[in-house]
Amino acid sequence: VSTYNTLLKGLVLADRVFEAEVLFKKLIKDRICEPNEVTYGTIMNGLCKAGNTKIAIRLLRFMEERGCKPSKEVYSTIIDSLCKDKMVDDALTILTEMIDKRVFPNVVTYNSLIYGLCSLGRWEDAKETIIEMDRRKINLDLCTFNTLVDAFCKEGMVEDAESVLRVMIERGEHPDVVTYSSLIDGYCLRGQMKEAMGVFATMIGKKIEPNIITFNSLINGHCKRSNINEAMKVFDEITHRNLVPT
RNA sequence: GGAUCCGAUUACGU
């Protein structure tokens, strides 16, 4: 079954979810092998990525009927997809369901929820979620912090993003290219190019390699301020670093 | 009792 799982994942990665579904159905119909929780997880992930969260939820019910216990990964996949669809309350319902079934959420599950809550501006609920994580002794990880930094930046609350950065460093989590790129984008969105370049200098100082996304944000920021010369300089830097413009 | 393989989360733009 692992072989089929690997193949199914390949199809999903290649955006050939339909073919993955066909193969999945064939496995069951021809009794080639019984799908396990990884198989279901892979197919659900494919369905979700293709925008079929509802069908993925139906598959969740199907696997239960078939006597395969949904893992936390399976629940997390559904929760993540609902959050991305801004159906965070439905996601919270699934969270309650999994806990009722003694399948306990992990940091990934909560990261998706925090992402969803923040993207709806439900800051208080996001805060509550973090408190709940602490209560469950689930440590925030790099992804949690990055999600928060990005959410604040997108709302123009760069000061709050900066305090998240301080907290993460305090907690011994090392900011990475995503953290700094989010911050840079935050300043660029506000047209604060001096600050954006300051963050850029900081990340270089920490030997964190900027990538094409980092530079795209900077170019966007300079162009917004009609500073084409600076934008061109950044563009030269891209070529210099052998990065490929997207 | 232990190890390994297969699934879930974060940044720009399109």
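Chain letters run A, B, ... following the sequence lines, proteins first and then strands; every chain starts at 1.
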Engineer: Only stems of 3 or more consecutive Watson-Crick or G-U pairs count here, both distances under 3.5 Å; name the ones for RNA chain B, or none.
Structural biologist: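 Counting only runs of 3 or more consecutive pairs, none involve RNA chain B.
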Engineer: Is there a donor in the side chain of D160(A) and an acceptor in the side chain of S163(A), or the other way round, less than 3.5 Å apart?
Structural biologist: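 No pair is found: no donor N or O on one side chain lies under 3.5 Å from an acceptor on the other.
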Engineer: Quick one: hydrophobic cluster around V12(A), which other residues, with the 4.5 Å side-chain cut-off, linked directly or via members?
Structural biologist: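 Its cluster partners, ordered by chain and number, are none at all.
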Engineer: Ignoring backbone atoms, test whether K9(A) places a side-chain nitrogen or oxygen under 4.0 Å from the OP1 or OP2 oxygen of G7(B).
Structural biologist: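 Checking G7(B) against K9(A), a side-chain N or O does come within under 4.0 Å of OP1 or OP2.
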Engineer: Taking atom types as modelled and ignoring hydrogens, do the side chains of D176(A) and T179(A) form a donor-acceptor contact shorter than 3.5 angstrom?
Structural biologist: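 Result is yes, a qualifying pair exists.
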Engineer: Within the structure shown, what part of the strands sits under 4.0 Å from S76(A) by heavy-atom distance: base, sugar-phosphate, or nothing?
Structural biologist: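 Here S76(A) touches the bases of the nucleic acid.
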Engineer: Parallel, tilted or perpendicular: which describes the rings of W123(A) and F152(A), with under 30° parallel and over 60° perpendicular?
Structural biologist: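 The arrangement is parallel - the two ring planes meet at less than 30°.
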Engineer: Provide, to the nearest angstrom, the distance between the CG atom belonging to L82(A) and the C1' atom belonging to A8(B).
Structural biologist: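 Value for this atom pair: 13 Å.
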Engineer: Can you pull every protein N or O that's under 3.5 Å from an N or O on nucleotides 9-12 of chain B?
Structural biologist:
residue: U9(B); atom: OP1; partner: K49(A); partner atom: NZ; Å: 2.9
residue: U9(B); atom: O3'; partner: K84(A); partner atom: NZ; Å: 3.2
residue: U9(B); atom: O2; partner: N111(A); partner atom: ND2; Å: 2.7
residue: U10(B); atom: OP1; partner: K84(A); partner atom: NZ; Å: 2.9
residue: U10(B); atom: O4'; partner: T147(A); partner atom: OG1; Å: 3.4
residue: U10(B); atom: O2; partner: N146(A); partner atom: ND2; Å: 2.9
residue: A11(B); atom: O4'; partner: S182(A); partner atom: OG; Å: 3.4
residue: A11(B); atom: O3'; partner: D150(A); partner atom: OD1; Å: 3.4
residue: A11(B); atom: O3'; partner: K154(A); partner atom: NZ; Å: 3.1
residue: A11(B); atom: N1; partner: N211(A); partner atom: ND2; Å: 2.7
residue: C12(B); atom: OP1; partner: K154(A); partner atom: NZ; Å: 2.6
residue: C12(B); atom: O4'; partner: S217(A); partner atom: OG; Å: 3.4
residue: C12(B); atom: O2; partner: N216(A); partner atom: ND2; Å: 2.5

Engineer: Send over the distance from L60(A) CG to A8(B) C1', rounded to a whole Å.
Structural biologist: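 Whole-Å distance recorded here is 13 Å.
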Engineer: Taking CG from L11(A) and P from C6(B), how many angstroms apart are they, rounded to a whole number?
Structural biologist: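 Atom CG in L11(A) sits about 17 Å away from atom P in C6(B).
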Engineer: State whether a side-chain donor-acceptor pair under 3.5 Å links E64(A) with Y40(A).
Structural biologist: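 On atom types as modelled, these side chains do not qualify, holding no pair under 3.5 Å.
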Engineer: Does the ring of F104(A) carry K72(A) above it, NZ/CZ under 6.0 angstrom from centre and within 45° of its axis?
Structural biologist: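 Not satisfied by the 6.0 Å and 45° rule.
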Engineer: Quick one: do I228(A) and H222(A) satisfy side chain to side chain contact (heavy atoms under 4.5 Å, CB included)? Show the steps, please.
Structural biologist: CA-CA 7 Å; I228(A) 303 299; H222(A) 285 306; over 6 Å; no
Engineer: Hey, would you say the F200(A) and Y180(A) ring centroids sit under 6.0 Å apart?
Structural biologist: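 Between Y180(A) and F200(A), which both carry aromatic rings, the centre distance is not below 6.0 Å.
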Engineer: NA contact type, T42(A), heavy-atom cut-off 4.0 Å: base, sugar-phosphate, or nothing?
Structural biologist: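 If one applies the 4.0 Å heavy-atom cut-off, T42(A) turns out to touch the sugar-phosphate alone, with no base involved.
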Engineer: Rounded to the nearest angstrom, tell me the gap between atom CZ in F24(A) and atom C1' in G7(B).
Structural biologist: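 Spelled out: CZ on F24(A) to C1' on G7(B) is 12 Å.
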Engineer: Distance alone, cut at 3.5 Å: any donor-acceptor contact between the side chains of N5(A) and T42(A)?
Structural biologist: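 Result is no, nothing qualifies.
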Engineer: Check the distance between A8(B)'s P and N36(A)'s CG and give it to me in whole angstrom.
Structural biologist: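 Taking atom P of A8(B) as the reference, CG of N36(A) is at 14 Å.
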